[in-house]
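Notes follow once the structure below has been shown.
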Amino acid sequence: MNRVLVVEDEPEIQELLAAYLRSEGYMVTIAGDGVSALDKFHSIPCNLVLLDIMLPKIDGFGVCKLIRQESDVPIIMLTALDSEIEQLRGFKLKIDDYVTKPFSIPILLQKIAAVLRRSSYTVESDMIQCQNIVLNTASRECYVAGLKIDLTKREFDLLFELAKAPGRVLTREILLNRVWGYDFFGDCRIVDSHIKNLRKKIPEYLIETIRGVGYRVPKSN
């Protein structure tokens, strides 16, 4: 499933784009300014950036330039600036396409699909995602809905085991063996205690309790 980073400062357009993209099966991350866009680009893997030009803090050209210094992720610029000069400036920064406001949603969706078909860009493999949880296994960082969450080692390991098997129920014994090790002889209720602490940091619905069995993270819709 492809993820699109939507960088747009107008809430109404954010909601419109997010709704249509999700209806087409995309996962969506929203950023409302240039600084937030770069933070989320670095924290949440995405397959395409839909980038407005007129942004607070850092404009779209600045965001594009900084992204291009490190990544070939596809970028479509979305803007009311439709002059030839602005378009040429975007293409010189190696954007993949350019859409002017007001725009046609069906055309925009087709352009996104076309750019993704042509792209050879792949998301880094050290990221795993389930629901709106993103775990960076290299840096051991956790993000929920784009917000960084500080977890202990055990909390991260528990969430990792659940997130990498979405929809599957993992018993307390399985979690105990994988996170604490097979040579641990303590009480299985230590798993419950750590899950309780984990739920204080992330939305409770992200981890389901299956009574008498164990826990699971639901599959993404």
Side-chain angles (χ1 to χ4, degrees), residues 1-7 11 14-15 18-19 21-32 35-49 73 122-221:
M1 186 181 293
N2 288 315
R3 173 171 290 279
V4 177
L5 171 57
V6 176
V7 188
Q14 286 180 4
E15 294 174 8
L21 286 166
R22 288 173 179 138
S23 72
E24 292 295 312
Y26 297 102
M27 296 180 291
V28 180
T29 300
I30 300 292
V35 173
S36 175
L38 292 169
D39 287 343
K40 292 189 177 181
F41 177 77
H42 288 124
S43 63
I44 303 176
C46 66
N47 304 88
L48 182 140
V49 180
V73 62
T122 56
V123 173
E124 294 295 326
S125 60
D126 57 3
M127 299 280 194
I128 68 166
Q129 175 163 356
C130 183
Q131 295 281 354
N132 59 353
I133 303 170
V134 176
L135 298 175
N136 186 324
T137 58
S139 63
R140 295 185 66 82
E141 293 176 325
C142 171
Y143 295 85
V144 177
L147 298 176
K148 186 177 179 181
I149 308 297
D150 291 326
L151 301 180
T152 66
K153 179 183 183 302
R154 299 294 191 198
E155 290 166 354
F156 184 93
D157 291 342
L158 275 172
L159 189 56
F160 172 77
E161 292 298 333
L162 292 164
K164 74 178 183 180
R168 180 183 173 188
V169 180
L170 299 183
T171 66
R172 292 170 176 80
E173 289 77 14
I174 288 174
L175 291 170
L176 190 66
N177 290 334
R178 290 183 181 178
V179 175
W180 279 265
Y182 287 92
D183 56 350
F184 181 81
F185 294 103
D187 195 317
C188 280
R189 284 177 294 183
I190 193 173
V191 174
D192 300 337
S193 176
H194 278 74
I195 291 289
K196 182 178 179 181
N197 291 335
L198 191 53
R199 281 174 165 160
K200 293 177 181 178
K201 299 181 179 182
I202 66 174
E204 187 170 352
Y205 71 87
L206 291 175
I207 301 177
E208 294 182 341
T209 300
I210 309 302
R211 292 190 178 279
V213 184
Y215 300 96
R216 73 178 174 192
V217 171
K219 288 184 178 180
S220 301
N221 294 328

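These numbers come from the heavy atoms of this one structure, side chains and all, not from hydrogens, waters or symmetry mates. Since this is a predicted model, take the numbers as computed values, not measurements. Position 1 is the first residue of the sequence, and the numbers go up from there.
Across all their heavy atoms, Leu135 and Ala163 have their closest contact at CD1-CB, 4.1 Å. In this structure, Ala37 and Val7 approach most closely via the heavy-atom pair CB-CG1, 3.6 Å. Here the closest non-hydrogen pair linking Cys130 and Pro166 is SG-CB, 3.3 Å.
Atom CD1 of Ile190 sits about 7.5 Å away from atom CG of Leu176, to the nearest 0.5 Å. Atom OG1 of Thr171 and atom CG of Asn177 lie 8.0 Å apart (nearest 0.5 Å). Rounded to the nearest 0.5 Å, atoms CD1 (Ile133) and CD1 (Ile207) are 6.5 Å apart. Considering CD1 of Ile195 and CG of Leu162, their distance stands at 5.5 Å, rounded to 0.5 Å. For the atom pair CE of Met27 and CD of Gln131, the computed distance is 11.0 Å after rounding to the nearest 0.5 Å. With values rounded to the nearest 0.5 angstrom, Arg199 atom CZ is found 10.0 Å from Leu206 atom CG.
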- Message: Please determine whether side chain to side chain contact (heavy atoms under 4.5 Å, CB included) holds for the pair Leu5 and Arg3, giving the CA-CA distance in whole Å, both sets of side-chain angles, and the decisive distance to 0.1 Å.
- Response: CA-CA 7 Å; Leu5 171 57; Arg3 173 171 290 279; over 6 Å; no
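By the side-chain hydrogen bond (donor to acceptor under 3.5 Å, both in side chains) test, Ser193 pairs with no residue at all, sequence neighbours left out. In this structure, Glu173 has no salt bridge (charged side-chain N to carboxylate O under 4.0 Å, His left out) partners at least two apart in sequence or on a different chain. With sequence neighbours left out, Ile149 forms a side-chain contact (heavy atoms from CB on, under 4.5 Å) with Cys142, Val144, Leu151, Lys201, Ile202. Every residue meeting the side-chain contact (heavy atoms from CB on, under 4.5 Å) condition with Arg154, not counting sequence neighbours, appears here in chain and number order: Thr152, Val179, Trp180, His194. Residues satisfying the salt bridge (charged side-chain N to carboxylate O under 4.0 Å, His left out) criterion with Arg211, sequence neighbours excluded, are absent altogether. In this view, Glu161 and Lys164, Arg178 satisfy the salt bridge (charged side-chain N to carboxylate O under 4.0 Å, His left out) rule, not counting sequence neighbours. Residues passing the salt bridge (charged side-chain N to carboxylate O under 4.0 Å, His left out) test with Asp39, sequence neighbours excluded: none. In terms of the side-chain contact (heavy atoms from CB on, under 4.5 Å) criterion, residue partners of Glu24 (sequence neighbours excluded) are, by chain and number, Tyr26, Leu109.
Between the side chain of Gln14 and the backbone N or O of Val6, no donor-acceptor pair lies under 3.5 Å.
Counting only residues at least two apart or in different chains, salt bridge (charged side-chain N to carboxylate O under 4.0 Å, His left out) contacts with residues 135-145 comprise Arg140-Asp157, Glu141-Lys148.
The shortest distance between side-chain heavy atoms of Asp192 and Tyr215 falls below 4.5 Å.
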